[in-house]
Protein chains: 2
Amino acid sequence: MEYPAVAPARRGELSDRRVLVVEDDPTVLEVASAYLESAGYLVEVATDGFAALEAVAARRPDLVVLDRMLPGIDGAEVCRRIRASSTVPVILLTAMSATEDRIDGLEAGADDYLAKPFSPRELVLRVQSILRRSVTELTPEAAIERGPFALDPAARIIRRDGRELALSVREFDLLAFLLKHPRQAFSREQLLHAVWHWDFGDLSTVTVTVRRVREKIEDDPTSPTTLVTVWGVGYRLDL
Amino acid sequence: MEYPAVAPARRGELSDRRVLVVEDDPTVLEVASAYLESAGYLVEVATDGFAALEAVAARRPDLVVLDRMLPGIDGAEVCRRIRASSTVPVILLTAMSATEDRIDGLEAGADDYLAKPFSPRELVLRVQSILRRSVTELTPEAAIERGPFALDPAARIIRRDGRELALSVREFDLLAFLLKHPRQAFSREQLLHAVWHWDFGDLSTVTVTVRRVREKIEDDPTSPTTLVTVWGVGYRLDL
DNA sequence: CGCGACCGTCCGCATTTCGTAAGGTTCGGA
DNA sequence: TCCGAACCTTACGAAATGCGGACGGTCGCG
């Protein structure tokens, strides 16, 4: 079996957490964003301190990756101002591993640090580690009600006509994704990427999981009316 | 005395927080108090274990800084007794940086520890870090009534259908947390962080405590209907 | 100093999950 | 009608997951 370049988010944590990356170096920004996205996060970016503060207020990310050295306001100062109005976890990227910076960072209220140059994998690991534990700071995902289906992401429950469906982790994640994007056709590759966070792999994995979901939501699984096949393309959820 | 170069408390946030410092060495006590006060905390002091226990009960501080070496009762022992009746965060001052002490401290229920001789700056930083982290849990806790359960955080009592449950400290903390966040699925790791205040550790600790709580709240603990398992994810309290 | 409560850890077992493969079926174009 | 590709169905088995039981260490109390 083949593995993606970065460890995928853990099961049950595939929810679309938003991470704000604040970095003025385009190269670093590009690399960090790519790795975080491939780990399943929605990445938003800002290239200076003011934009960062605006983004935190407006977009309410679940976590902030913040460069210590920024044009305009200093990173630690940005961190302090974020702290003045928010408890969002902050990972500070420091130029050196000097204790001076570390103390400043602690003082500014950062939750973790990473000395540059840093490994993008390690960044992903730290982000995952913090988000895995966080409970209260996370913005709760909104419940969705569409057609006969009701999705409660926090409880990890999907109901159909009020009855709770007995779904496994994969089945839940797949159906939840489709419920968030109804009436839209997705290829197997797209689903493998969006739900499994795999960059490559056996596409029949998707086929079989679709089959299993159908078994639980279709009145007649042999002729689906809700999770339909789009021939030559993939699948679509009709409501 | 030279005045500490620590960031002052932000207005409206850290003010009014009461920190109890338990330390028999007058010099250390003086220095620590000065730094904490200049950081905006209201500092109260105790010079031995008995006075500390009394102060915790009577003054209900928001955080306790506790020397490991005390005349009379041992610091770790004081910590344990505090834990028996309170969830107030405790920072333990250990004489040496030996891992031995650290383990003892964690076992006694301390939230953090600091090796002596310590930098007063760092002490302030740790205090800030912990109080910021638990700001929501420190706000005066209101009684909650949900379904058949009634939670009285101040008295540390949980009733079910009016009958008081005989819960141990850990069991109480876990059930209380779940009662505060009903119908929401939590991973073991989240629970370990939110209830145990551990950033690492054996996840089976959570599993076992869940089992013990089930024994006391479920009609049939072998097929739970209230504290249910979310397969591949964790646990959820349904009411 | 023994007894029980508490609590973290560990082990064996049962169950569930899920990727993979293999063979059958359907679809659409020529 | 024929054919290949796309899709479906089923089954298998390794791995993951959860659970009960038990053990040992610590602490409180008589």
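Every chain is numbered from 1, with letters handed out A, B, ... down the list of sequences.
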Can a side chain N or O of [X] be found less than 4.0 Å away from OP1 or OP2 on [N]?
{"X": "S168(A)", "N": "dC18(C)", "result": "yes"}
{"X": "Y235(B)", "N": "dC19(D)", "result": "yes"}
{"X": "R188(A)", "N": "dC7(D)", "result": "yes"}

Problem - Nearest-0.5 Å distance, CD of residue Q184(A) to CD of residue Q190(A) - result: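 One gets 7.5 Å once the value is rounded to the nearest 0.5 Å.
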
Without decimals, in angstroms, what is the distance between [X] [atom1] and [N] [atom2]?
{"X": "L175(A)", "N": "dC18(C)", "atom1": "CG", "atom2": "P", "result": "14 Å"}
{"X": "E215(A)", "N": "dT16(C)", "atom1": "CD", "atom2": "P", "result": "17 Å"}
{"X": "R156(A)", "N": "dT17(C)", "atom1": "CZ", "atom2": "P", "result": "12 Å"}
{"X": "L227(A)", "N": "dT9(D)", "atom1": "CG", "atom2": "P", "result": "12 Å"}
{"X": "K216(A)", "N": "dT9(D)", "atom1": "NZ", "atom2": "C1'", "result": "16 Å"}
{"X": "L167(A)", "N": "dC18(C)", "atom1": "CG", "atom2": "P", "result": "11 Å"}

Problem - Test ring pair (Phe, Tyr, Trp, His ring centres under 6.0 Å) applied to Y235(A) - qualifying residues, sequence neighbours left out - result: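 For Y235(A) there are no ring pair (Phe, Tyr, Trp, His ring centres under 6.0 Å) partners, ignoring immediate neighbours.
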
Problem - Pairwise 5' ranking along DNA chain D for S223(B) and R81(B), keeping only the more 5' one - result: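 Counting from the 5' end, the first nearest nucleotide belongs to S223(B).
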
Problem - Touch class at under 4.0 angstrom, heavy-atom based, for F172(A) against every strand present - result: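 If one applies the 4.0 Å heavy-atom cut-off, F172(A) turns out to touch nothing in the nucleic acid.
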
Practice task
Would you indicate what V206(A) reaches in the nucleic acid, counting non-hydrogen atoms under 4.0 angstrom: base, sugar-phosphate, or nothing?
Solution key: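 V206(A): no heavy atom of the nucleic acid under 4.0 Å.
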
Exercise for the section: Determine to 10° how strongly the helix from dC1(C)-dG30(D) to dA30(C)-dT1(D) is bent, judged from the axes of its five-pair ends. Expected result: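 So the angle between the two local helix axes works out to 30°.
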
Are there any protein N/O atoms within less than 3.5 Å of an N/O atom in nucleotides 8-15 of chain C, and if so, which ones and at what distance?
unit_1 : atom_1 : unit_2  : atom_2 : d
dG8(C) : OP1    : R170(B) : NE     : 2.6
dG8(C) : OP1    : R170(B) : NH2    : 3.1
dG8(C) : OP1    : W196(B) : NE1    : 3.2
dG8(C) : N7     : R212(B) : NH1    : 3.4
dG8(C) : O6     : R212(B) : NH2    : 2.8
dT9(C) : OP2    : T205(B) : OG1    : 2.7

Practice task
Looking only at non-hydrogen atoms, find the nearest pair between S187(B) and R132(A) and report the distance.
Solution key: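 Distance-wise, the nearest heavy atoms are OG-O, 4.1 Å.
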
Handout entry: Pairwise side-chain contact, F149(B) with T226(B), heavy-atom cut-off 4.5 Å (strictly under)
Key =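 Touching, per the 4.5 Å side-chain cut-off.
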
Between [Y] and [X], does any NZ, NE, NH1 or NH2 come within less than 4.0 Å of an OD or OE carboxylate oxygen?
{"X": "R236(B)", "Y": "D238(B)", "answer": "yes"}
{"X": "R160(B)", "Y": "D219(B)", "answer": "yes"}
{"X": "R212(B)", "Y": "E215(B)", "answer": "no"}

Practice task
Could you verify whether a donor N or O on one side chain and an acceptor N or O on the other, from T205(B) and D202(B), lie under 3.5 Å apart?
Solution key: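 On atom types as modelled, these side chains do not qualify, holding no pair under 3.5 Å.
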
Practice task
Verify the distance criterion only: is there a donor paired with an acceptor across the side chains of R214(A) and T229(A) at less than 3.5 Å?
Solution key: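 Yes - a donor-acceptor pair under 3.5 Å links their side chains.
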
